[in-house]
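Here, residue 1 is the first one in the sequence, and each next residue gets the next number.
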Amino acid sequence: MAAGKTRAERDRRGVGMLCWRGYADFARALESYQAAGLFELFGEAMVFFQDADAEAAALAARFGLDWRGSAENLGILGGFKAMASAMESELLLLLENDLPLVEDREETARQIELATRLLLSGQAQVVRLRSVREPGQKFDTRAKYARYHGEGMLPLLRRSLRPGKAKRLAGSAVYVHEQADRHHRGLIDRSDEGTYLVSAAALPWTNQSIMLRRDFFLERILAHAEAHPSRRRVNGHPDIEKEWNGPVWRRSGWKIGVPSGLFTHERTDRA
């Protein structure tokens, strides 16, 4: 790709990182981003600290990052909204503070540029960038998929009794099979470059390690979540996932791009 085009696309991209406590984990994640040259791929980089304090400011200064903050915890929805509203980039990579990067510089650049093309071409509305190889903690996707799409009579019986549930889990095949599109044709396709494109009918919304258009995030995703709050909360706040993982998402017709991924989930600091 020509250098001028690469720079132009870089200036359309921003990376936003949401942090609530867990500074030791966040520092390790930031070190991995620097080592992989992540910030060099974005024209804008911002941290939004919830419960911001002097330690937060010092951490941002240590890594030379622009930051905003709130005096209290706004929750996942509130924090992401405040951060995205303060940013200007057309495309946003959204991260939280416990998501280290596990690939090298070349692969990081390749996947960020791939995600950019998927979004700008309209082939995908969201691109997942959690690592397929090293997804990290709190990843039960493969086990859930196997209950309905594994081998044997029990998965077959479950598919027969709950076909809707089986369909909702079908997209998780991208984390299980090397040729996932052959297992669930019509729900899993390929992009022009061979990346998985999964129907929203078969793969849920996730907050973790995603890239998408800023206007789509603010005007569609967050606006809907605010207008339809779930009674289930995280630390007393809505978290977007519970508001979106229902019929509206599944019937949207949207596509989720799923390349091999860059980020794992590793939280050790519970302070």
Next item on the list: Start with the C-alpha distance between Asp181 and Asp189, add both sets of side-chain angles, then the distance that settles side-chain contact (heavy atoms from CB on, under 4.5 Å), and finish with yes or no.
Entry: CA-CA 6 Å; Asp181 51 319; Asp189 299 311; over 6 Å; no

Next item on the list: Test Ile188 against Val174 for side-chain contact (heavy atoms from CB on, under 4.5 Å), laying out the working first.
Entry: CA-CA 8 Å; Ile188 304 175; Val174 297; 4.2 Å; yes

Margin query: Checking Tyr33 against Leu95 for the side-chain contact (heavy atoms from CB on, under 4.5 Å) test, could you report, in this order, the C-alpha distance in whole Å, the side-chain angles of both residues, the deciding distance, and whether it holds?
Written below: CA-CA 11 Å; Tyr33 302 164; Leu95 301 170; 3.6 Å; yes

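For Glu96 (side chain) and Leu18 (main-chain N/O), no donor-acceptor pair under 3.5 Å exists by modelled atom type. Judged purely by atom type and a 3.5 angstrom limit, Arg13 has no side-chain atom pairing as donor or acceptor with the backbone of Leu91. No donor-acceptor pair under 3.5 Å is formed between the side chain of His265 and the backbone N or O of Gly136. In this structure, Ser209 contributes its side chain and Leu129 its backbone to no donor-acceptor pair below 3.5 Å.
Using a cutoff of 4.0 Å between basic side-chain nitrogens and carboxylate oxygens, Glu9 and Arg117 are not scored as salt-bridged.
One side chain, Arg28 or Thr268, offers a donor N or O that lies under 3.5 Å from an acceptor on the other. Side-chain N/O atoms of Asn97 and Trp20 include no donor and acceptor closer than 3.5 Å. Judged purely by distance below 3.5 Å, without hydrogens or angles, the side chains of Asp53 and Tyr23 pair a donor atom with an acceptor atom. Neither side chain, Glu134 nor Thr264, offers a donor N or O lying under 3.5 Å from an acceptor on the other. In this structure, a donor-acceptor pair under 3.5 Å is absent between the side chains of Thr195 and Arg190. A donor-acceptor contact under 3.5 angstrom links the side chains of Gln123 and Ser121, judged on distance only.
Linking ILVMFWY side-chain heavy atoms closer than 4.5 Å, directly or via other members, places Leu212 and Ile76 in a single hydrophobic cluster.
Cation-pi geometry between Arg130 and Phe263 is not satisfied (NZ or CZ under 6.0 Å from the ring centre, within 45° of the ring normal).
In this structure, Glu226 places its CD atom where more than 12 heavy-atom neighbours from other residues, nucleotides or ligands lie under 6.0 Å away. Residue-environment remark: NZ (Lys255) exceeds the threshold of 12 foreign heavy atoms within 6.0 Å. Annotation for Arg251: atom CZ does not count as buried by contact number, only 12 or fewer foreign heavy atoms lying within 6.0 Å. Within 6.0 Å of the CD atom in Glu151, the count of heavy atoms belonging to other residues, nucleotides or ligands does not exceed 12.
The nearest pair of heavy atoms linking Ala36 to Glu103 is CB-O, 3.8 Å. Residues Arg214 and Met87 approach most closely at NE-O, 2.9 Å, considering heavy atoms. Glu72 and Asp51 make their closest contact through CA-OD1, 3.1 Å (heavy atoms, listed as atom of the first residue, atom of the second, distance). Of all heavy-atom pairs between Phe26 and Cys19, the closest is CD2-SG, 3.7 Å. Scanning all heavy atoms of the two residues, the minimum distance from Gly171 to Val198 falls at CA-CG1, 3.7 Å. Here the closest heavy-atom approach between residue Ala170 and residue Tyr145 is recorded as O-CE1, 3.7 Å.
Screening His184, His177, His183 for a ring-ring contact (aromatic ring centres under 6.0 Å, His included) involving His149 leaves a single residue, His184. Applying side chain to side chain contact (heavy atoms under 4.5 Å, CB included) to Glu90 and the options Asp215, Thr116, Leu120 leaves one that passes, Leu120.
Counting Ile, Leu, Val, Met, Phe, Trp and Tyr side chains that sit under 4.5 Å apart, directly or through other members, Leu154 stands alone, with no cluster partners.
Aromatic pair Trp67/Phe49: ring centres closer than 6.0 Å.
Residues Trp254 and Trp205 have side chains not in contact (no heavy-atom distance under 4.5 Å, counting atoms from C-beta outward).
For Phe139, the ring pair (Phe, Tyr, Trp, His ring centres under 6.0 Å) partners are Tyr175, not counting sequence neighbours.
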